[in-house]
Amino acid sequence: MVQGLSTTSHIKRTKRGRIAIKSGSKAERVIQWTILLFIVSTVMAFMFFDYTGLDIISAITETAYNIKVMFLEPSLSHFTWAEAFYQVGVTLGLAVLSTVLGAVIAFFLALLAATNLSKEWVSKSVRITVAFIRAVPTVLWVLIFAIAAGLGSEAAVLGMLFHSVAYLVKAFSEAIEEIDAGVLESLRATGSSWWHIVIHAVLPSTFTYLLSWTFLRFEINFSVAVAMGAAAGAGGIGFELFMASGFYFDLREVGFITYAILIIAIMLEVLSTRLKNRYL
Amino acid sequence: MNEKLMHRRKWNITVFLFIIIVVTYLSAAITNFDFIHGITAFPEAIGWIFSNLVITHGTIEKLPTILEKLNETIFMSIAATTTAAVVSLFLGIMGSRATKINSFLSVLARFVASTSRNIPVVAWALILLLSFGQNSITGYLALFVGTVGFLTRAFIESIDEASQSAVEALTATGATYAHIVNKAVIPQSLPQMISWILFMIETNIRSATLVGILTGTGIGYIFDLYYKTMNYNAVALVTFSVVISVIIIELISNYIRKVIL
């Protein structure tokens, strides 16, 4: 009897007979493997890198000098203040268009993608399409649309729209799926139509979530719009940044533009945290 | 809910919708965006994509070059994320309310995170390109800086969330700072942190393509090359290889996340 109750059998011990502090659960093993994988691939990465024309010491001192010039002596030389404002406006405009249109389209697609409102095969096919769209980087979409639809804001907006829709469908449909199943069931029991359920149950209970995701996407779209200007020639402040650094090598102007972008981005972030604190 | 409140809510929504419509209209005006052209261009563009972006036998020959560049991009994003994660861990511990050493360091950590996050990756890439030239290190550093900003913010939040009471309990037993961080803070927030790191690797592979176009490295460079020489079949192959690698990495990280969280 007493032997049967001995505690030794209930405590995991290491090979040397010590009490094992860590339990070897699956989660812990996966964490350890993941970290090991990170370390190995990082070391491998530094071996794979292409180091052509790199002189690390001069590059670092040069960067330090460049950053000093940029941030301490910003000025404009190739365009005026008014033009700078206009270009920032264009970038913000691209972000607004792709976010607003994206949110509207994404809402309807999210209704189709949410498992509690739609059929299983519809939901699956929307999700797979969206996952595919998300896997292609935005800049590739914009460049592909630029050949297909011609250069201009249409290509930029369509390309950014694709990605915004794909991102928001995922976020929205997850928010919709969290709606209390009882609410939907009781509405269905009263014989309400699908649209009725959407307008009176789905929209009111998820509205603030949808709004905060949309605003988050707007912040992302602003920096995406800057990037599209630089990499795909979509205009706006990003294009000016690209010209200032790649064409004129004008560090002071690069500094000015970077400040402009930084100020807008921080303003958006402050605005979004304010909105969140007030409405969520 | 009384009638007055209902009325006010309805009014609020109307004003809100009106503002959105005006802002959208203004944006369309300032960017010269034509809604009709946008809508008609869309089916045309899709048609063009299906008829031109096809992988042919000729392009398969280019696969080894593309895979080599893709490899460089993937490893660049992983290395940038993991090394940034190490820096962010320190900044996160300094910045978090639960584990901060003093308020000056905490504010400093938050400031560093905020500036490096809010200056877009593009700006970093262009700035670094001027002195580092066209090589992997430029792309790596551009991704690194942005990632530090993002991960520091995420880590601060996970540490704050996970460890307030644990830190208090350990402080009461008289544990040293190093003990608290090592035995309570890191183990508790590690799964969350790994999840963020995985998320950042996915994001960085997409940004690496963009950075590559700007700095002339990796898969972005090869895309740009085929794009400018109008070799659209090769463009399609590059796009597909990016899609497949992103999806594979997403599946792996979803699996890891499912097990550890």
Side-chain angles (χ1 to χ4, degrees), chain A residues 26-27 30-31 34 38-39 41-42 44-46 48-54 59 62-63 66-67 70 89-90 92-94 96-97 100 131-132 135-137 139-140 143-145 147-150 152-154 157-158 223 226-227 230-231 238 241-242 245-246 249 254 258 261-262 265-266 269, chain B residues 20 23-24 26-28 30-34 37-38 41-42 44-45 48-49 53 71-72 75-76 78-79 82-83 114-115 118-123 126-137 140 190-191 194 197 206 209-210 213-214 217 223 227 239 242-243 246-247 250 256 259-260:
Chain A
K26 194 181 178 192
V30 171
I31 288 180
T34 315
F38 284 158
I39 295 171
S41 42
T42 308
M44 271 164 73
F46 282 104
F48 279 138
F49 278 179
D50 154 31
Y51 294 100
T52 35
L54 180 74
E62 222 174 293
T63 311
N66 287 348
I67 288 180
M70 276 168 38
V90 169
L92 277 173
L94 291 175
V96 168
L97 282 175
V100 172
F132 178 82
V136 181
V139 66
L140 301 194
L143 286 170
I144 288 170
F145 274 116
I147 335 169
S153 59
E154 279 91 2
V157 171
L158 281 179
S223 63
V226 172
L241 179 65
F242 178 68
S245 69
F249 297 106
V254 171
T258 313
I261 296 170
L262 186 61
I266 288 179
E269 204 184 297
Chain B
I20 295 278
V23 169
T24 312
L26 279 179
S27 310
I30 201 170
T31 53
N32 286 323
F33 179 79
D34 185 347
H37 183 219
F42 184 70
E44 271 174 51
W48 185 90
I49 287 170
L53 289 184
N71 208 23
E72 189 189 333
F75 276 102
M76 185 198 282
I78 295 178
T82 50
T83 43
S114 177
T115 32
N118 281 316
I119 297 177
V121 171
V122 187
L126 292 172
I127 294 163
L128 291 164
L129 185 62
L130 292 175
S131 37
F132 278 83
Q134 280 197 6
N135 54 53
S136 311
I137 293 295
Y140 163 77
L190 196 59
I194 287 181
I197 295 172
R206 289 187 205 112
T209 316
L210 169 73
I213 290 177
L214 291 167
T217 53
F223 180 90
Y227 181 82
T239 312
V242 173
V243 170
V246 169
I247 288 178
E250 257 188 50
I256 295 176
V259 176
I260 65 175

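Numbers restart at 1 for each chain; the letters A, B, ... are given by sequence-line order, proteins then strands.
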Side chain, backbone, both or neither: which part of A:Phe249 has a non-hydrogen atom closer than 4.5 Å to chain B? side chain
Check whether B:Gln134 gets within reach of chain A through its side chain, its backbone, both or neither, counting any heavy atom under 4.5 Å. backbone
A:Phe145 portion near chain B, given a 4.5 angstrom heavy-atom threshold: side chain
With a 4.5 angstrom heavy-atom cut-off, is it the side chain or the backbone of A:Ile31 that approaches chain B, or both, or neither? both
Measuring only between side-chain heavy atoms, which start at C-beta, is A:Ile261 closer than 4.5 Å to B:Pro120? yes
Under 4.5 Å from any heavy atom of chain B, what part of A:Ile39 do you find: side chain, backbone, both or neither? neither
Of B:Val246, B:Val243, B:Val242, B:Thr209, which meets side-chain contact (heavy atoms from CB on, under 4.5 Å) against A:Val136? B:Val243
Against chain B, label A:Val90 side chain, backbone, both or neither, depending on which of its atoms sit under 4.5 Å from a heavy atom there. both
Atom CG in A:Leu140, atom OH in B:Tyr227: separation rounded to 0.5 Å? 10.0 Å
Is any side-chain heavy atom of A:Val96 closer than 4.5 Å to one of B:Leu26? no
Considering only heavy atoms, which portion of A:Thr34 lies under 4.5 Å from any heavy atom of chain B: side chain, backbone, both, or neither? side chain
When every non-hydrogen atom of B:Ile127 is compared with those of A:Met70, the smallest separation belongs to CD1-CE, 3.4 Å
Interchain contact, B:Leu53 with chain A, by part (heavy-atom threshold 4.5 Å): side chain
Counting only non-hydrogen atoms closer than 4.5 Å, does B:Leu210 touch chain A with its backbone (N, CA, C, O), its side chain (CB onward), both, or neither? both
